[in-house]
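No experiment lies behind these values; they were computed from the predicted model shown.
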Amino acid sequence: MRAENNISEHQKYSRSLKLMGNSFTITVVAESEEKANGHINLAVGEISRIERLLSTYKEDSQTNLINGNAGIRPVEVDPEVFNLIERSIGISRITQGAFDISYGSIDKSLWNFDRSMTSLPDAQTAKKMVHLIDYRNIILDRENTTVFLREKGMRIGFGGIGKGYAAEMAKQVLLQRGVKSGIINASGDLSAWGLQPDGRKWTIGVADPNSPNAAFSYMEISGKAVATSGNYEKYITIGGKKYSHTIDPKTGLPITGIKSVTIIAPNAEFADAMATPIAVMGIRAGLYLIDQIPDLYCIIIDDNNKIYTSKNINLK
């Protein structure tokens, strides 16, 4: 997804940088470059804070403490981490396990989406590795704010919700500071608020999966968040067939049949978290679920480039 660059430069200020292993672009509308830089620094600080909290690459992160004590003992965490895990489990329930933060037990020995991978893992091996993926074995104790992974070897990770959460939190920090308009773009997961300096709403192009730099449609997104999960971002080709990096947590194998899922939601955390499970659930079940949830919309493109949308969605 890309933000349309059609507003006067002296009022819109952007900075792109690598955070949480993703490329973030923070855009604010401000009266001077100096003020804009102050706002952007604040957003970067908030995203970095969340990265320290959630990262599995930092040994002393709360996520790693939880994982290191799987099957041993509950770990006390910050209320913020506890609440995010609780919301993640809620999303697992409504998607019947298609979203599951305990996917961390599938390691790179099963799926490695780089050129070194030349054959598929066999279904038996994949099935053996997914037995540890089960959100129902994440035990929460609200009174003591502890998290316990019931099975030894279980691991949680926030790859499916973390950058959306960070984008949402950065937006909230900027709103509290009085920034009336901007976009946080976390590798294509966008959260936008306010209006462009010329009074128009922010718009984005919905990427065409066959040429991701081109857009097949445009959408107004002011006051909304958008997230896309697509097999054009990360995939491998084996025997002439493209395999998406989106793994079904029940089988450990990649999903097929869907090129991309775009979710439009009131906040970036929810949009990010819903994009992958809708792809896992498939077109009919995914659209049915989306239509049950207020203010949630979806565009699905299948392998034959057919476009499916949820109810009440307006593409231009």
Side-chain angles (χ1 to χ4, degrees), residues 1 3 14-28 36-70 75-89 91 99-108 113 138 145-147 149 154-177 179 182-193 225-229 233-234 245 265 267-276:
M1 296 235 159
S14 290
R15 190 189 305 165
S16 295
L17 64 168
K18 191 105 177 215
L19 294 160
M20 302 179 81
N22 290 282
S23 132
F24 274 73
T25 300
I26 298 157
T27 301
V28 295
N37 279 332
H39 298 328
I40 291 170
N41 289 342
L42 205 66
V44 170
E46 178 65 358
I47 295 162
S48 302
R49 181 188 72 79
I50 290 162
E51 180 173 18
R52 285 191 295 275
L53 220 49
L54 304 182
S55 171
T56 50
Y57 296 103
K58 294 178 170 41
E59 273 180 42
D60 58 349
S61 76
Q62 297 195 8
T63 311
N64 274 341
L65 285 173
I66 294 166
N67 291 340
N69 286 284
V75 171
E76 190 177 341
V77 296
D78 291 0
E80 180 179 5
V81 174
F82 184 92
N83 292 336
L84 180 61
I85 292 172
E86 192 171 55
R87 292 195 299 276
S88 297
I89 292 170
I91 292 166
F99 175 87
D100 197 323
I101 59 167
S102 66
Y103 70 87
S105 58
I106 290 192
D107 62 17
K108 285 228 171 10
F113 286 89
I138 304 170
T145 60
T146 61
V147 182
L149 306 182
M154 266 183 89
R155 290 174 60 79
I156 60 167
F158 295 96
I161 195 170
K163 68 180 185 336
Y165 174 62
E168 192 58 37
M169 292 295 282
K171 172 188 153 183
Q172 294 305 329
V173 161
L174 292 179
L175 282 170
Q176 283 159 20
R177 189 173 165 134
V179 178
I183 297 180
I184 311 282
N185 181 345
S187 276
D189 292 358
L190 300 175
S191 190
W193 71 101
V226 182
T228 297
S229 175
E233 293 161 332
K234 205 195 262 184
H245 74 294
N267 76 73
E269 177 193 313
F270 196 42
D272 187 15
M274 289 301 285
T276 299

_Checking Val179 against Leu42 for the side-chain contact (heavy atoms from CB on, under 4.5 Å) test, could you report, in this order, the C-alpha distance in whole Å, the side-chain angles of both residues, the deciding distance, and whether it holds?_
CA-CA 11 Å; Val179 178; Leu42 205 66; over 6 Å; no
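- Remark: Phe158 CZ to Leu84 CG distance equals 5.0 Å, nearest 0.5 Å.
- For the pair Ser191/Asn267, no side-chain contact is recorded, criterion being any heavy-atom separation below 4.5 Å from C-beta on.
- Minimum heavy-atom separation, Leu149 to Met154: CD1-O, 3.6 Å.
- From Glu51, atom CD reaches atom OH of Tyr57 across 10.5 Å, with rounding to the nearest 0.5 Å.
- The closest side-chain heavy-atom distance from Phe99 to Thr276 is not below 4.5 Å.
- Scanning all heavy atoms of the two residues, the minimum distance from Leu174 to His39 falls at CD2-O, 3.2 Å.
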*Show your working on side-chain hydrogen bond (donor to acceptor under 3.5 Å, both in side chains) between Gln172 and Glu168 and close with a plain yes or no.*
CA-CA 6 Å; Gln172 294 305 329; Glu168 192 58 37; 3.0 Å; yes
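- Atom OG of Ser187 is separated from atom CG of Asp272 by 10.0 Å, given to the nearest 0.5 angstrom.
- Remark: Ile26 CD1 to Ile183 CD1 distance equals 12.0 Å, nearest 0.5 Å.
- Between Thr56 and Asn64, the closest side-chain pair of non-hydrogen atoms falls below 4.5 Å.
- The nearest pair of heavy atoms linking Ile91 to Ala273 is CD1-CB, 3.5 Å.
- When side chains are defined from C-beta on, Ile85 counts as touching Ile101, because their heavy atoms get closer than 4.5 Å.
- Contact detail for Ala166 and Phe24: the closest heavy-atom pair is CB-CZ, 4.4 Å.
- With rounding to the nearest 0.5 Å, the separation of CE in Met20 from CG in Leu54 is 5.5 Å.
- Shown here for Ser229 and Ala275, the closest heavy-atom pair between the two residues is CB-CB, 3.8 Å.
- A distance of 5.5 Å separates CG of Asp78 from CG of Leu53, quoted to the nearest 0.5 Å.
- Annotation: side chain of Glu80 is not in contact with side chain of Gln62 (no heavy-atom distance under 4.5 Å).
- Looking only at distances, no side-chain donor or acceptor of Tyr165 sits under 3.5 Å from a matching main-chain atom of Ile50.
- You'll find the side chain of Arg15 reaches within 4.5 Å of the side chain of Val44, heavy atoms only.
- When every heavy atom of Leu65 is checked against every heavy atom of Asn69, the shortest pair comes out as O-ND2, 2.8 Å.
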